[in-house]
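Report on the following structure.
A, B, ... follow the sequence lines: proteins, then strands. Residue 1 opens every chain. Below, all heavy atoms of this structure are taken into account, side chains as well, without hydrogens, waters or symmetry copies. Worth saying up front: this structure is predicted, and the values here are computed from it rather than measured.
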2 protein chains.
Amino acid sequence: MSSSCIIRHFEHYAELDQRDRELLDSLEKSPREFTRGTVIWQQGTESEHFYTVSSGWACSFRTMEDGSRQVLDLYVPGDIVGLREFAFRRRVSNLLTATNATLCPFPKHRLTDVFATSRLLCNLFFLIAARDQAILVERLINLGRRSAREKVAHFLLEMAHRLDKACVDVDDCNHLPLTQVVLADALGLSTVHVNRTLNELKQEGLTTLGPDGITLLDRNGLQDVAGFDPEYLEEDVTSLLKNIGARPPA
Amino acid sequence: MSSSCIIRHFEHYAELDQRDRELLDSLEKSPREFTRGTVIWQQGTESEHFYTVSSGWACSFRTMEDGSRQVLDLYVPGDIVGLREFAFRRRVSNLLTATNATLCPFPKHRLTDVFATSRLLCNLFFLIAARDQAILVERLINLGRRSAREKVAHFLLEMAHRLDKACVDVDDCNHLPLTQVVLADALGLSTVHVNRTLNELKQEGLTTLGPDGITLLDRNGLQDVAGFDPEYLEEDVTSLLKNIGARPPA
DNA sequence: CGATGGATTGACAATATTCAAAGACAGTGG
DNA sequence: CCACTGTCTTTGAATATTGTCAATCCATCG
């Protein structure tokens with residue numbers, strides 16, 4: 001009996017009982033594979049499902065009238081994509097695979113069933129939504145109050161940390177399969193400037209640039225550059241579980 | 001029988017039954033008044049309560065090592081502040097009153113009781129969290145991909161629209177009690193540049209600057225400047241209510 | 001009436017963008 | 001196997017946008 005993406009995801013936070021597992025399992029359609037660069041959904045279309053990322057990377061973004069893009073977030077294995085759309089009928093952003101990836105669709109409107117049936121899952125979903133907000137907040141700060149150098153270093157570190165946690169099936173958490181275009185659109189910079197900044201960091205021995213993405217060589221060095229503090233990625237699941245009388249994962 | 005802040009807030013979305021009202025009422029301590037510039041909480045401290053804004057404005061922000069600030073969001077009457085902190089033991093941002101204001105504290109850990117007891121409230125909280133995310137996303141886009149002119153116009157319009165909805169007890173939704181410093185820290189600009197931009201908009205007859213804040217004179221004009229689309233502020237409560245069998249407000 | 005916090009102004013500097021062109025690389029199809 | 005294509009990266013030069021610094025103004029408040 002192989003467990004579905006979403007079950008694996010939640011077991012990372014807490015021990016699930018049989019009912020929780022069945023509930024989650026009943027909602028998840030079979031995983032779907034996508035090649036790099038596939039548009040999963042587009043802004044303005046009906047928002048029916050969200051997805052869990054089983055492998056690969058995805059990227060949510062918004063396109064502006066003048067054709068420029070703002071990348072809102074990147075998603076790594078284990079992430080849930082699209083909870084944001086819960087409050088809206090139509091999608092507020094686009095979703096694209098940034099590498100080959102396999103995702104599992106999950107019908108949005110049935111989230112209410114989950115809330116009604118499992119206290120634990122309900123709380124965990126809320127926790128995840130709050131964590132998503134914390135990530136957005138940090139990205140906001142990145143865009144608003146940091147230099148290009150800091151932006152790049154900070155963003156790279158965030159993604160590496162998130163990979164650390166995802167760890168399942170990820171071989172090298174220091175390797176990020178990102179193009180400079182994506183990076184630029186995430187950080188509100190031009191590609192050209194990202195390139196120069198990245199080469200600067202490379203000169204200093206902090207990163208490496210390969211054809212298949214960026215590799216972090218010296219996290220401590222980058223941390224100094226960025227003023228990075230991973231606290232915003234460390235949810236306090238323990239208190240929550242204690243509060244609702246649930247048990248931590250085995 | 002006067003209803004509490006939070007009850008008023010939720011009645012805006014749906015018709016509450018007696019139990020929902022009692023539940024909410026039991027959790028809300030009496031409203032507290034604060035003068036402008038009062039620090040309600042600080043980043044790093046234990047996060048015990050969130051607040052509903054009954055009157056006045058509040059402002060959440062993060063301070064950087066070099067002393068600069070990034071304003072994350074502003075809150076107007078009817079808003080809930082601090083849901084973001086649900087996933088964390090310690091606060092990830094500061095909260096400050098931007099005008100004289102009265103807020104109602106609400107113990108964070110009892111949110112789980114609400115989830116367990118009322119299906120309707122549980123879903124509405126989730127809806128609000130998703131809306132908060134949509135606002136952050138839009139601010140992200142503002143910071144990343146718009147010029148100073150667009151940033152200012154867009155932000156002003158957002159706040160005005162949010163006031164429109166809050167409407168209760170707000171006399172003039174075109175008047176925003178904001179200093180240029182706050183605006184600058186929200187938009188990732190320098191005060192000087194905000195000032196110049198604001199005066200530019202004033203020259204064009206779009207806004208007015210008073211000692212007590214900024215007034216919007218021509219929303220359509222500003223909308224053109226900003227490329228503003230209010231869709232991200234319009235949650236789809238109807239589908240949600242239908243889905244869980246609840247009734248819209250009277 | 002002086003003190004304080006915000007608003008305003010000008011001159012200058014830094015940071016990042018734009019434009020344009022070329023290089024590197026992988027995948028495709030002949 | 002090679003030329004061709006498209007995507008991503010790299011580089012330089014010119015330009016634009018926004019920031020910094022420093023001084024002044026202005027209103028309010030005790």
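Scanning for side chain to side chain donor-acceptor pair (under 3.5 Å) contacts around A:Asn174 gives A:Arg219, with sequence neighbours left out. Evaluation of the side chain to side chain donor-acceptor pair (under 3.5 Å) rule for B:Asp218 yields no partner, not counting sequence neighbours. Scanning for salt bridge (charged side-chain N to carboxylate O under 4.0 Å, His left out) contacts around A:Arg62 gives B:Glu138, with sequence neighbours left out. In this structure A:Ser47 satisfies the side chain to side chain donor-acceptor pair (under 3.5 Å) test together with A:Lys108, sequence neighbours excluded. Partners of A:Thr97 by side chain to side chain contact (heavy atoms under 4.5 Å, CB included), not counting sequence neighbours, listed by chain and number: A:Phe34, A:Thr38, A:Ile40, A:Ala101. Judged as a side chain to side chain donor-acceptor pair (under 3.5 Å), and not counting sequence neighbours, the contacts of A:Gln180 are A:Asn195.
Between the C1' atom of D:dT17 and the CG atom of B:Leu187 lies a distance of 15 Å, rounded to the nearest Å. What separates CZ of B:Arg36 from P of C:dT4 is a distance of 16 Å, to the nearest Å. To the nearest angstrom, C1' of D:dT7 lies 15 Å from CG of A:Asp212. Atom CG in A:Leu189 sits about 16 Å away from atom C1' in D:dT9, given to the nearest Å. Remark: P of D:dT7 and CG of A:Leu178 are 19 Å apart, rounded to the nearest angstrom.
Within the 4.0 Å cut-off from OP1 or OP2 of C:dT8, at least one side-chain nitrogen or oxygen of B:Gln180 is found.
Counted by atom type alone, A:Gln42 and A:Thr45 present zero donor-acceptor pairs between their side chains at under 3.5 Å.
A salt bridge (charged side-chain N to carboxylate O under 4.0 Å, His left out) check over residues 38-51 of chain A, counting only residues at least two apart or in different chains, returns the pairs A:Glu46-A:Arg89. Pairs engaging residues 179-191 of chain B under the salt bridge (charged side-chain N to carboxylate O under 4.0 Å, His left out) rule: A:Arg145-B:Asp185, B:Arg69-B:Asp185 [sequence neighbours left out].
Nucleic acid contact for B:Gly188: sugar-phosphate only, since backbone atoms but no base atoms lie under 4.0 Å from a heavy atom of the residue.
With a 6.0 Å radius and a threshold of 12 heavy atoms from other residues, nucleotides or ligands, A:Glu33 has its CD atom at or below the threshold.
A salt bridge does not link A:Glu200 with A:Arg196: none of the charged nitrogens is closer than 4.0 Å to a carboxylate oxygen. Electrostatic pairing of A:Arg84 and A:Asp73 does not count as a salt bridge here, judged by no charged N lying under 4.0 Å from a carboxylate O.
Looking at the side chain of A:Ser190, the nearest of the listed nucleotides D:dT9, C:dT8, C:dT18 is C:dT18.
Within a heavy-atom distance below 4.0 Å of DNA chain C, no residue of residues 142-159 of chain B is found. DNA chain C lies under 4.0 Å from at least one heavy atom of each of the following residues of residues 193-201 of chain B: B:Asn195, B:Arg196, B:Asn199.
Between B:Thr191 and A:Val192, the residue whose closest nucleotide on DNA chain D is further toward the 5' end is A:Val192.
A tilted orientation is assigned to the rings of B:Tyr51 and B:His49, their planes being inclined by 30° to 60°.
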Seminar exercise, completed: B/S/- along nucleotides 24-29 of chain C (protein heavy atoms under 4.0 Å) is ------
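Overall bending of the helix from C:dC1-D:dG30 to C:dG30-D:dC1, expressed as the angle between end axes built from five pairs apiece, is 30° (10° steps).
Aromatic ring centroids of B:Phe88 and A:Tyr232 lie 6.0 Å or more apart.
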